[in-house]
**Student:** 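Take a look at the following structure, please.
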Amino acid sequence: SEMTQASLSDGRAVGVSDSGAMSSQTEKSATAAPKVVGKRGTAAGFTLYEVSSRAWLYELKENYPDVKTVADVPDEVLDRIADQNVDMVWLQGAFKLGDFGLELDRTETSRNDAYRKALPDFSKEDVIGSPYAIVEYVVSDELGGDAAMKTFRKRCADRGMKLMLDFVPNHMAVDCVWASQPEAADFFVRKPNKDDGKGPWPADMYLPDGRAHGTDPYCGAWPDTAQLNYFNPELRKAQVANLKRVAALADAMRVDMAMLLLNKVHEDVWGRELHANGWKKPETEFWEDAIRDVRAEFPGTVFMAEVYWGLDAELAKLGFDYTYDKYLYDHLVSGHMDNLRGYICNRSEDFLRHSTHFVENHDEPRAMEEFGGPYRANAAAAISFLLPGLRLMFHQQWEGCARRLDVHLRRAAKFEPDEGTARYYDKLNSILAHDAFHNGNWSYVHAQHPTDGEHGGWRVVAWRMYTSEERFLVVVNYTDGDAAVRLQLPDAPGNGEISVEEFMSGKSYERDANEMRVRGLLVVLRAWGVQVFKY
């Protein structure tokens with residue numbers, strides 16, 4: 001991150017990628033049959049396109065003078081997204097913000113230093129405030145309000161795409177609507193008036209009115225936020241009402257730092273204050289009750305959790321459809337092939353189907369920067385997106401953007417699109433349109449050495465995606481050296497020579513079906529090479 005976690009309302013924990021951490025990641029359990037989320041399939045696999053709403057609108061206004069709100073996004077822009085086989089658009093940071101956080105963001109010295117690093121020519125007007133310090137769940141006037149969002153949703157639906165919006169449950173903006181409502185005073189964690197014998201209450205964690213700032217177990221105060229009290233049943237009811245407001249506007253919601261609401265985590269962070277003020281831990285988990293109540297009124301709502309610390313399985317059991325797979329991302333960044341291969345091949349198909357995979361998003365560095373250029377970045381993307389599950393792609397990722405957009409800013413530094421990466425994503429997204437990558441089954445394929453003298457199998461990860469109608473083999477060499485491997489395909493059809501088509505190169509081959517089943521298909525890949533075979 002460009003800033004320390006302690007200074008941000010949207011601070012993020014960093015996952016770990018060593019093999020020892022994998023034992024804490026247990027299998028997700030699906031709570032319901034996969035639901036249709038777009039025109040191309042089910043939870044087995046679909047593509048989510050994330051775009052920062054206010055920065056996107058600023059970008060569009062620069063190029064299309066008639067654009068005023070999200071209702072005015074040009075047809076050609078939406079068509080371009082839909083043509084890349086996107087199933088859902090995540091319009092990130094769409095809700096109303098307040099003046100308190102904006103003023104803090106524009107005046108705090110360390111934040112300005114971080115802005116300058118991301119955008120050397122930034123001005124005060126470029127600072128638009130954190131999208132994670134929400135005043136109330138109505139769409140920002142900057143974007144055109146709820147009415148414009150409803151129009152945008154319909155225009156997405158006309159193209160077969162659904163809409164996702166944010167829900168930030170842990171905290172609200174310091175100057176949120178509840179701050180001025182006496183009846184909502186106990187919606188917030190508050191500094192106790194009495195001494196509990198454990199030392200002074202940390203002064204930097206509280207506002208002058210006694211409300212605590214938002215935080216998590218590993219951060220200091222997020223000073224533009226006020227922490228909500230999930231031991232208060234009335235707050236829980238109010239937040240379910242907010243969830244329903246979001247569900248009325250969108251088909252899905254991405255829940256920020258969803259694990260912070262688990263009773264054990266909330267108590268770990270705020271138990272001292274809550275118990276001193278007489279609050280007791282609830283008998284039920286908020287998410288189980290809340291998701292049930294929302295779906296009673298909005299039955300098709302899809303919930304995606306941002307989650308870390310190995311708590312994804314717990315959230316899946318409580319009703320979340322998808323949870324972040326930060327472990328896969330961390331293994332891709334690390335590049336340790338034994339850990340990466342071990343992680344992928346030991347996941348169940350059900351786990352992968354309900355995981356969110358990514359190589360960049362608004363929290364992480366740009367893939368071109370993090371992975372050191374297009375070759376490794378694109379190989380990482382192939383691994384992430386050709387697995388089952390939710391494929392999270394970020395705005396300008398397809399063009400190879402290496403300039404990170406700070407969430408507090410309306411623009412990033414200019415960049416030159418990488419034509420090779422654009423062609424790569426055109427191919428990758430066309431492959432992902434096939435039914436096997438939406439409704440298919442998954443099976444890992446262990447690489448075999450082609451001869452006694454060749455030992456390239458350690459460089460490769462591979463798996464099959466298949467339905468009753470089509471079969472694909474995905475092979476990725478995630479190293480900086482060439483590799484030759486054999487991959488057994490027990491479902492290779494027929495006898496004698498059959499046609500094998502490789503989609504990344506567009507080449508076709510004739511190969512013996514029995515040899516493919518017994519000895520395996522011989523595959524040779526260059527460094528960071530990706531091959532996708534249909535057979």
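Note that the numbering runs from 1 along the sequence shown for the chain.
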**Student:** What I want to check is whether the side chains of Asn361 and Glu364 have a donor and an acceptor closer together than 3.5 Å.
**Tutor:** no
**Student:** Is the backbone N or O of Val460 less than 3.5 Å from a side-chain atom of Asn477, with the two atoms forming a donor-acceptor pair by type?
**Tutor:** no
**Student:** Closest heavy-atom contact between Leu143 and Thr69?
**Tutor:** O-CB, 3.1 Å
**Student:** For the aromatic rings, using the six-membered ring if either is Trp, is the centroid distance between His354 and Phe320 under 6.0 Å?
**Tutor:** no
**Student:** Is a side-chain N or O of Arg159 found less than 3.5 angstrom from the main chain of Ile81, in a donor-acceptor match?
**Tutor:** no
**Student:** Do Asp293 and Arg236 meet the salt-bridge criterion of a basic N to acidic O distance under 4.0 Å?
**Tutor:** no
**Student:** Compare every heavy atom of Glu306 with every heavy atom of Asp363, then report the nearest pair and how far apart it is.
**Tutor:** OD2-OE2, 3.4 Å
**Student:** Just checking Phe472 against His434, ring centres under 6.0 Å apart?
**Tutor:** yes
**Student:** Is the Tyr444 to His446 ring centre distance short of 6.0 Å?
**Tutor:** yes
**Student:** Measure from the side-chain N and O atoms of Glu136 to the backbone N and O of Lys96, and report whether any donor-acceptor pair falls under 3.5 Å.
**Tutor:** no
**Student:** Distance check, rounded to the nearest 0.5 Å: Gln531 atom CD versus Met504 atom CE?
**Tutor:** 9.5 Å
**Student:** Kindly say whether Trp442 contributes a backbone atom to a donor-acceptor pair with the side chain of Glu349 at under 3.5 angstrom?
**Tutor:** yes
**Student:** State whether the side chain of Ser508 and the backbone N or O of Glu501 hold a donor-acceptor pair below 3.5 Å, judged by distance alone.
**Tutor:** no
**Student:** Look at the side chain of Tyr424 and the backbone N and O of Asn378, then say whether any donor-acceptor pair between them is shorter than 3.5 Å.
**Tutor:** yes
**Student:** Out of the candidates Tyr324, Tyr322, Phe394, Trp90, only one should pair with Phe358 under the ring-ring contact (aromatic ring centres under 6.0 Å, His included) rule; please name it.
**Tutor:** Tyr324
**Student:** Measure from the side-chain N and O atoms of Arg245 to the backbone N and O of Tyr137, and report whether any donor-acceptor pair falls under 3.5 Å.
**Tutor:** no
**Student:** In plain terms, say whether Arg404 and Glu369 are close enough for a salt bridge, that is, a side-chain N and a carboxylate O under 4.0 Å apart.
**Tutor:** no
**Student:** State whether Arg347 and Asp325 are salt-bridged, where the test is any N-O pair (Lys NZ or Arg NE/NH1/NH2 against Asp/Glu carboxylate O) under 4.0 Å.
**Tutor:** no
**Student:** Compute the centroid of each ring, for His362 and then for Tyr132, and state whether the two points are separated by less than 6.0 Å.
**Tutor:** yes
**Student:** Kindly give the heavy-atom pair with the smallest separation between Arg366 and Arg403, and that separation in Å.
**Tutor:** NE-O, 3.3 Å
**Student:** Would you check if the side chain of Arg295 reaches a backbone N or O of Thr301 as a donor-acceptor pair within less than 3.5 Å?
**Tutor:** yes
**Student:** Okay, side chain of Glu360, backbone of Pro365: is any donor-acceptor separation there less than 3.5 Å?
**Tutor:** no
